[in-house]
Amino acid sequence: MSLSPSRQPAESPIRNNWPEPRAAYIHVPFCRHRCGYCDFSIIAGRNDLVPRYLAALRREIETGPWLPTRPHRVETLYIGGGTPTLLSAAELRELLTILDERFERTPTTEYTIEANPDGLTVEKMRLLREFGVNRISLGVQTFFDDQLVQLERTHSAAETVEAIQAVRRHFENYSIDLIFALPGQTLEQWEQILTNAMQYEPPHISTYALTFEKGTRFWGDRDKGLLQQTDTGIEVEMYRFAAKFLQEHGYRHYEVSNFAKAGNESRHNATYWSGRPFVAFGPGAASFVNGRRQTNHRSAFTWMKRLETGESPIASTDELTPEERARELLAVGLRQRDGIPFRPIREMTGYDVFDLCRDELAQLAARNWIGFDAERVWITPEGLLFADEIAAELI
Ligand code: SF4
């Protein structure tokens, strides 16, 4: 019996000394509206483009350089965006079918999709379950209506609560995202938001401080004096409060911005933090395979057009030297509370980072941002507030 061309085994494109990627990310760029603080690669209010996007995505996955032509086994699969659940049920089915044909899941594969409270219908949740999706990452952000309006989110607090309750009925494993340090937000309101979240006992919570990114409405409004960025002191207080509050409620603070009940840590994100390879598809998506980082065109229009005309959607390629890779592994690994042992970095890069970064590590330890011994290095509770600065020092 001959196999169809798409099913024929092919030579693996993975170089011998690199593991095959077992994590895949799919970027779905559609949103109802661009939130005032968002600088992601998205297209707002253009769901008429979904069929074109799906055709381009199919082509990218089929012709991309990383995957052998057989279904590729993944341990984690993550559909992010954008708002993937903004697709209609029929479009979502098509997306899930494309991924089903191309990726082989095991019984333990973590399969996540990002969703917003509006548009996540019971029909879509059933469909997601039918295709093996077993984890929802829900963009809650806050439980205050006026703050949702300020962020330009397209859901109300009541819709948010309904969505969490519905997700709980359909999925054992789910995460909620919360944003703190909004202009004018008080510590009492932040405490209220965290307290509200506890009612639903989400297995996983991500908390992010609001950032002002160039090009966003928030950035412009701050420049014009229309928005006041929260004082750093209050932001730090809110971060510390959340860390303490969530730990007291049984969550492990396992990464700078992430908290989980035991066993519910995000395995997909752990791939990024531990420096293991991953593949990614869609506009702006970045893959890391064979020690090379390749990033797609950020504009969804350029990304689609290039795939339609048979051109590569890749906008940039960076090949890290072993030393750069060693430094990056150290910097990224330090985002995790458990820290990172030196040995795997040595095995992956040939560099002993204890020798390579001796001075930087000593300086960071002197500031009480990290601790280390002969075997490993870890971030301290104080250092969690300076994770970006630590990375900058090491890279
Ligand atoms: S829903 Fe998320 S991805 Fe979409 S515009 Fe808002 S913040 Fe950006």
Side-chain angles (χ1 to χ4, degrees), residues 25-50 53 57 78-88 91-92 95 112-121 124 128 135-164 167 174-183 185 193 204-222 227 229-230 257-258 266 268-269 280-286 295-301 303-304:
Y25 173 80
I26 315 298
H27 187 75
V28 181
F30 300 97
C31 282
R32 183 162 290 161
H33 163 85
R34 185 179 283 276
C35 303
Y37 58 97
C38 179
D39 77 333
F40 294 159
S41 169
I42 66 138
I43 324 176
R46 288 297 309 270
N47 271 35
D48 56 300
L49 293 170
V50 172
Y53 160 82
L57 180 72
Y78 194 106
I79 307 175
T83 312
T85 50
L86 191 61
L87 271 54
S88 70
E91 291 161 346
L92 199 53
L95 170 67
T112 305
I113 190 165
E114 289 180 356
N116 279 340
D118 48 331
L120 182 60
T121 61
K124 287 182 197 173
L128 294 168
R135 187 170 181 273
I136 302 281
S137 175
L138 192 65
V140 168
Q141 317 313 355
T142 169
F143 292 99
F144 287 97
D145 274 321
D146 59 339
Q147 294 175 359
L148 289 166
V149 170
Q150 180 186 53
L151 292 169
E152 295 184 52
R153 303 286 300 182
T154 50
H155 48 97
S156 65
E159 283 173 317
T160 304
V161 167
E162 269 175 41
I164 300 176
V167 166
Y174 68 97
S175 176
I176 63 171
D177 280 3
L178 299 173
I179 299 186
F180 63 95
L182 310 187
Q185 191 181 48
I193 291 164
H204 187 281
I205 300 183
S206 301
T207 63
Y208 301 102
L210 179 73
T211 55
F212 286 68
E213 305 295 339
K214 204 169 178 184
T216 61
R217 180 183 66 75
F218 272 36
W219 176 279
D221 282 359
R222 187 186 56 180
L227 268 186
Q229 189 163 355
T230 299
S257 307
N258 289 285
S266 162
H268 184 79
N269 288 344
F281 304 92
T295 309
N296 281 347
H297 278 278
R298 206 178 134 76
S299 153
F301 291 95
W303 173 83
M304 286 189 292

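For the single chain, residues carry numbers from 1 onward in sequence order. Atoms within a ligand are numbered from 1 in the order they appear, just like the ligands themselves.
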Could you label the plane-to-plane angle of the Y25 and H268 rings as parallel, tilted or perpendicular, counting under 30° as parallel and over 60° as perpendicular? tilted
Backbone N or O of T216 within a donor-acceptor pair of the D39 side chain at under 3.5 Å? no
Considering only distance and modelled atom types, tabulate donor-acceptor pairs under 3.5 Å from the side chains of residues 136-144, sequence neighbours left out.
unit_1: T142; atom_1: OG1; unit_2: F144; atom_2: N; d: 3.0
unit_1: T142; atom_1: OG1; unit_2: Q147; atom_2: OE1; d: 2.8

Report yes or no: is the cationic atom of R217 (NZ for Lys, CZ for Arg) closer than 6.0 Å to the six-membered ring centre of W219, at no more than 45° off its axis? no
Apply salt bridge (Lys or Arg N to Asp or Glu O under 4.0 Å) to E213 and list each qualifying residue two or more places apart in sequence or on a separate chain. none
Restricting to salt bridge (Lys or Arg N to Asp or Glu O under 4.0 Å), what partner residues turn up for R298, sequence neighbours left out? none
So which protein residues pack against ligand 1 under 4.0 Å, heavy atoms counted? C31, H33, R34, C35, Y37, C38, F40, I42, G82, T83, N116, R153
